[in-house]
Amino acid sequence: MKMLIGGKWLDKKEKIDVVDPYDYSVVDTVPEGDENDVEKALSAASEGAKVAGATPVHERTAILMRVADILEEKREDFAQIIAREGSKTIKEARGESFRCWNTITISAEEAKRIVGETLPFDSVAGSENRKGYWYRMPVGVILAITPFNDPLNLVAHKLGPAIAGGNSVVLKPATVTPLSALMLAEAFQEAGLPPGVLNVVTGYGDKIGDKLVADKRVRMISFTGGTEAGLHITKVAGLKKIGMELGSNSPTIVMADADFEPAVATCVSGAFWACGQNCIGVQRLYVQKPIYDKFRDAFVARAEKYKVGPKLEEDCDMGPVITKGEAERIEGWIEEAKKSGAKLLCGGKRGGPAGTVIEPTVFEGMPESARLHKDEVFGPVVNLYPFDKLESAIDAANSLDFGLHAAILTTSLQSAFQAAYGLECGGVMVNDSTDYRIDLMPFGGIKMSGLGREGIKFSLQEMTEPKVVCFNL
Ligand code: NAP
């Protein structure tokens, strides 16, 4: 596929292979964008911002609705490309393809609800003659940088509200999974989005990132990705708005009074969805002592039944890790944990045609010094910890420097409220694992998990800014 700059699809001699992480077969190629391409995209987006800001809301809505129609028509095509270039199984990819339609549809709806309010200027003596209001205007050029793990819907979470809010965009998708993003850009073009309003540069973040991030024409950076890259971007960005959707190491608490079978099922799914490469995936599972042994055995039995590897097969439960390098890193963390005394309950092996398949892996007795305890694994590994009192589970859940989602499974209203108020994070799920989200809820983290919120209505707040108008009559 090609890059989209100023309404034109551009190719280059220098290419990047996009491979299927299961067997490393080449799915397609994309051009390797460089700093000249970045300059072209920023200049096109600067012009595009003027066009986007002048586009009436009914036209923005109509374009977004047409994109949603295309997503519906091509739902299976999008699912296939997500499943080919990324880690997801075809069943998981179909879920993401549907969610992308939903995200764009909500964006079309929310475009009509960008409102301000009148201001009571006469509340201050001397201002009696003044009348006025504030409304929200677009920020201008938005730089959207996206990760590999939801290669379509996390792109839609930036493009949908950015376009709804009257902004232009330069998108830099993850280098390992740019195809879903480019297909979505094709849909925007087919839907009649004017040239320059959406530009997509493919290329390596560590080569072209700084030029994109530091440029003064960019008025907002909307970044989803790892904490390391996020921190780097905040240092390089200078004075501009920043939205940061970063990583986590999500805790889920299972009380002895929880509805047992659904609790096991949701925790297993939450741990291994998208091969554990999920910012709200369950990594730390705190289980109350009276049910600990029974829960552990049921959890492990379920994990061991997973069919792992060939992600395009309809009955595959979990695909590969995104690259061999990532699979080796996770394997290294597993080995470190075993050496430091953690007990491996199941899984732990790496294999598959390209060495990217890791079995669903469950540990207990994980020391606090192990990376599998304190860092984000972003792979199919989960730790079980027994606890006595809810207070101690909440303290343990809060003890790390992440705060995206947390969860509690319980039939006690008292425990649910105690956890909802006590857990330090952007969202507490009650009777789901941390891995629950719909696309219109405010989504984002505290501490090192991020800054700001996504979820269309909330992204629109970030992607527009108030302007006051005051009449001295
Ligand atoms: P990543 O390595 O941080 O990459 C994310 C994006 O940033 C990619 O497009 C990458 O480009 C780009 N990038 C890397 N270095 C950059 C730089 N110096 N300047 C500008 N851009 C740069 O993350 P990932 O491995 O793709 O995704 C996994 C991470 O994303 C996890 O930590 C996960 O928790 C987080 N995540 C968070 C959320 C959320 O909503 N909170 C959702 C999903 C994922 P290249 O691909 O070219 O390196």
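Atoms within each ligand, like the ligands themselves, are counted from 1 in listed order. Each residue takes its place number in the sequence, starting with 1.
- In this structure, the side chains of Ile330 and Val377 come closer than 4.5 Å at one or more pairs of heavy atoms.
- Contact annotation: the side chain of Arg284 approaches that of His373 to within less than 4.5 Å [non-hydrogen atoms, C-beta and beyond].
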Check ligand 1 for close polar pairs with the protein: N or O on both sides, less than 3.5 Å.
unit_1, atom_1, unit_2, atom_2, d
ligand 1, 3 (O), Gly226, N, 2.8
ligand 1, 9 (O), Thr146, O, 2.8
ligand 1, 9 (O), Lys172, NZ, 3.4
ligand 1, 11 (O), Lys172, NZ, 3.1
ligand 1, 23 (O), Gly226, N, 3.4
ligand 1, 26 (O), Phe148, N, 3.3
ligand 1, 30 (O), Gly225, O, 3.3
ligand 1, 32 (O), Glu376, OE1, 2.6
ligand 1, 34 (O), Glu376, OE2, 2.5
ligand 1, 40 (O), Glu245, OE1, 3.3
ligand 1, 41 (N), Leu246, N, 3.3
ligand 1, 41 (N), Leu246, O, 2.8
ligand 1, 46 (O), Thr175, N, 2.9
ligand 1, 47 (O), Lys172, NZ, 3.2
ligand 1, 47 (O), Thr175, OG1, 2.5
ligand 1, 47 (O), Gly205, N, 2.8

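- A 4.5 Å side-chain heavy-atom check between Tyr24 and Thr323 finds at least one atom pair inside the cut-off.
- The list of ring-ring contact (aromatic ring centres under 6.0 Å, His included) pairs with a residue in residues 432-451, not counting sequence neighbours, reads His405-Phe443.
- Note: Leu152 CG to Ser97 OG = 6.5 Å, rounded to the nearest 0.5 Å.
- Within the 4.5 Å cutoff, the side chain of Val218 has no heavy atoms near those of the Leu212 side chain.
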